[in-house]
Amino acid sequence: METRYIFITGGVASSLGKGIIAASLANLLKARGYRVTNQKLDPYINVDPGTLNPYEHGECYVTEDGAETDLDLGHYERFTNIPTSQKNNVTAGRVYMDVITKERRGDYLGSTVQVIPHITDEIQNRIQALGDTGDYDFVLTEIGGTVGDIESFPFIEAVRQLRWKKGNNSLVIHLTLVPFLHATGELKTKPTQHSVKTLLEQGVQPDIIVCRTEHDISESMRKKIALFCNVDPTSVLQSIDADTIYDIPLLMYKEGLDKEVLRKMNLPYDKEPDLTYWKEFLHKLKFPKYNVTIGLVGKYVELNDAYKSIIESFTHGGVANECKIKLELIHSEYITEGNVEEKLGHLDAILVAPGFGGRGIDGKITAITYAREHNVPFLGICLGMQCAVVEFARNVLHWTDAHSVEMNPQTTYPVIDMMEEQKKISGMGGTMRLGAYPCHLKKGTKVYNIYKKSEIKERHRHRYEFNNKYLADFEKAGMIASGVNNEQNLVEIVEIPSHRWFIGVQFHPEYKSTVAQYHPIFSDFVKAAIEYKAEKNSQR
C-alpha cells in the first residue's frame, strides 16, 4: 500500500490538543490493522527543545535513538506503543541549519537560497523521509503552533505543495476552538470560520474539521460550519472535554474520525477496530479498588507539562494495580526540616523528580531524608537519584559537604561527578548522554525482582554520574549499586535493601511507559505505596 499522509493543523488558540487528536487517530488506524507513525513539526528556531526551560515548552521527551523532542512524541508513543525517533520531530531551527549548511557547502550551485523552494523542499523531505522507509501505511504529521503564526508559514506552504503532489493520498485535519460564551449561553462558530479562512488564504483546504468544545455541537451548527468552510457535514466532528485524555480515542471513534479519514482516502472501513485492551484500561482507570496519595517533589510543579511523562506513567502504574492515584506536586524550594513532616507526612510514597541546576536541591535532599528515615517508599529519577546519593553520603556516611560537582565544584566528596566524555564538551545542545543504553541488573536485588530479567535498556538524559571512587563506602554502609552499565562501568541504579522500597535510577523510566505496556518500575512503586498505606492503617 502506498503511504498516505495526514496533516493535523490548529487554529484559534494553541494547546487545544492537536497531539492528542493525532495520537488518537493513529491509535484507531493501528487498531484497524494499519501501520502508522506520528510526526511533529515545531516552528520555533531552536534546533531541538533540549535547551528549552520546561516553563517555555514543557518536558523534553527523549527517544530510543537519543533525540530530544517535543512532549507530544510522548503522547504518540503512549497511545500507539510505537517507538519514535530522530525523524519524528522536526524544528524550523533544524531545517534552516541544514539548508544553510548545504549553502555553505555549495550544494545549491550558486542559486539564491530562499524560503520557497529551498526551505519548503527541506520540510517536505523530512515529512516524506518516514514514508519513504516503506514501513508505514500512514504518516500523521502534526504542525505545531496556530495557523496564521508567522513561524508556521513555511510549514503550511510545504503542506500545500505536498498535497498537490500526493493528491488523494494526503488529507488535512484542522482542529479549532468553538468557544462557549457564558454570558449568552451560546457556542460560537465565528472563530472556526476565521481560522479556516486563514488556512485557505495560505492555499490549504481542510478535509476534516475537529471542533474543540465544552458542550455538544448541534447538527445545525455542524451544517453551518460545513457550509462556511467548504467541507462535508459528516466531516465536522467535535472533540468535547473529557475526564481523561485516554477517553479521546473512543470519543473520536464514536465521532467517526477514523472512518471519515478512510472514506476520504478511498480505503475500506467496514472492519471495526479492535479496541478491547483500551476499553479494559479505561475500565480499570475509572473503577479502581484502591487509592493512594503520592508526592512528586520537583521545582517545576507550577506546570504539569514539565513532568508529563511521569504523571502519565503514574496513571499506567495505577491501572496496573487497579489503584487511583492522587498525585500531589510539591515544590522542593519550600521544603525545610521544619515543615517536612507537614508537607510529606500524609503521603504513601515519594518521588523526587529529574531536573538541572541547584534551585530546590536542599528541599529534595530533605524530602529524601524523610523518606529514608521513615521507611516511606521512595523513587528518585535522574537528578532525584543523584540527590539520594548525596543525602546518603551526608547523613549515613557523615560526609557533611558531599555534593554533586554540578552544584558545588569544590566539594570535598564529589559523590556525583561529570562523566569523562562530557568534560571536553563546551556546547549545550544535544551533547548529553542521550537515548537508550543497556543496564545489567544484579540478581537478588529489588530491581531484578521488578524487571524479572538481568538485562534491560532504558533512556537517558544527563551529564553527571555516580562517582565510582566512593562505591565501596556506599555499599559497606547499606546503599548498593543494583544496576550497572558494564560497557562504561557506570552505576545506573542504587537501592537500599534494608528499606521497604528505596530506589534511585539514573535513567528515565517514564519515557517507556505506555497504555499497552506499563513500566514495571512505576507499577511496583505504586504497589509498594498500596502496601505501605495498608500497613499504616492497620496500626491506627
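Here the side chain of T336 pairs a donor or acceptor atom with the backbone of N339 at under 3.5 angstrom. Not one N or O on the side chain of N375 forms a donor-acceptor pair closer than 3.5 Å with the backbone of A371. Of the possible polar contacts, none joining the D348 side chain to the A529 backbone as a donor-acceptor pair under 3.5 Å is found. Between the K40 side chain and the T91 main chain, no donor and acceptor come within less than 3.5 Å of each other. In this structure a side-chain-to-backbone donor-acceptor pair under 3.5 Å is missing from N485 to L490.
Annotation for V139 and I127: closest pair CG1-O, 4.3 Å, computed over non-hydrogen atoms. Scanning all heavy atoms of the two residues, the minimum distance from S239 to I21 falls at OG-CD1, 3.8 Å. P354 and H508 get closest at one heavy-atom pair: CB-CE1, 3.6 Å. When all heavy atoms are compared, the tightest approach of C382 to R461 is SG-O, 3.7 Å.
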Identify all side-chain donor-acceptor contacts of residues 468-483 below 3.5 Å with residues at least two apart in sequence or on another chain.
unit_1 : atom_1 : unit_2 : atom_2 : d
N468   : ND2    : N489   : O      : 2.7
E475   : OE2    : A481   : N      : 2.9
S482   : OG     : E495   : OE1    : 3.0

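Under a cut-off of 6.0 angstrom, the local environment of CD in E373 is crowded, with over 12 non-hydrogen atoms contributed by other residues, nucleotides or ligands. The 12-atom threshold is exceeded at NZ of K30, counting heavy atoms of other residues, nucleotides or ligands nearer than 6.0 Å. Atom NZ of K326 is surrounded by 12 or fewer heavy atoms from other residues, nucleotides or ligands within 6.0 Å. Within a 6.0 Å radius of CD in E342, other residues, nucleotides and ligands contribute 12 heavy atoms or fewer. By the neighbour-count criterion of 12 heavy atoms within 6.0 Å, atom CD of E302 is densely surrounded, having more than that number from other residues, nucleotides or ligands. A 6.0 Å sphere centred on CZ of R104 holds no more than 12 heavy atoms belonging to other residues, nucleotides or ligands.
Between K299 and E333 there is no salt bridge, since none of the side-chain N atoms of the basic residue sits less than 4.0 Å from a carboxylate O of the acidic one. With salt bridges taken as basic N to acidic carboxylate O contacts below 4.0 Å, none links E64 and K457. Using a cut-off of 4.0 Å between Lys/Arg side-chain N and Asp/Glu carboxylate O, D417 and R463 are scored as not salt-bridged. Residues D524 and K446 are not paired through a salt bridge, judged by the lack of any N-O separation under 4.0 Å between the basic side chain and the carboxylate. Checked for salt-bridge contact, R212 and D241 meet the test: a charged N lies under 4.0 Å from a carboxylate O.
When side chains are defined from C-beta on, Y464 does not count as touching M407, because their heavy atoms never get closer than 4.5 Å. At least one side-chain heavy atom of I119 sits under 4.5 Å from a side-chain heavy atom of V95. The shortest distance between side-chain heavy atoms of Y518 and F281 falls below 4.5 Å. Contact of the V491 side chain with the Q506 side chain is not registered, since no non-hydrogen atoms from C-beta on lie closer than 4.5 Å. Residues C323 and I530 meet the side-chain proximity criterion, which asks for heavy atoms closer than 4.5 Å.
Side-chain contact of S404 with Q386: a donor-acceptor pair under 3.5 Å is absent, judged by distance alone. Side-chain atoms of T141 and Q39 include a donor-acceptor pair closer than 3.5 Å. One side chain, R78 or S309, offers a donor N or O that lies under 3.5 Å from an acceptor on the other. Side-chain contact annotation: Y76 with E142, donor-acceptor N/O pair under 3.5 Å present. For the residue pair T369/E391, the side-chain donor-acceptor check at 3.5 Å is satisfied. Counted by atom type alone, N89 and D42 present one or more donor-acceptor pairs between their side chains at under 3.5 Å. Judged purely by distance below 3.5 Å, without hydrogens or angles, the side chains of K289 and N321 never pair a donor atom with an acceptor atom. Side chains of Y370 and E341: a donor on one and an acceptor on the other come within 3.5 Å.
Paired with T37 under the rule side-chain contact (heavy atoms from CB on, under 4.5 Å), one option of N88, T80, D135 passes, and it is N88.
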Note to self: ring-ring contact (aromatic ring centres under 6.0 Å, His included), that's the test. Do F525 and W501 meet it? Break it down for me.
What the structure shows: CA-CA 8 Å; F525 186 47; W501 209 102; 4.9 Å; yes
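Remark: R433 is positioned above the aromatic ring of Y437, its terminal NZ or CZ atom under 6.0 angstrom from the ring centre and at most 45 degrees off the axis.
Y136 is linked by a ring-ring contact (aromatic ring centres under 6.0 Å, His included) to nothing, counting only residues two or more places apart in sequence or in another chain. Applying the side chain to side chain contact (heavy atoms under 4.5 Å, CB included) criterion to S513, with sequence neighbours excluded, gives S313, H316, H519. Not counting sequence neighbours, the partners of Y61 by the ring-ring contact (aromatic ring centres under 6.0 Å, His included) test are Y511. Checked against salt bridge (Lys or Arg N to Asp or Glu O under 4.0 Å), R94 has no partners two or more places apart in sequence or in another chain.
Identified under the ring pair (Phe, Tyr, Trp, His ring centres under 6.0 Å) test for residues 325-357, with sequence neighbours left out: H331-Y334.
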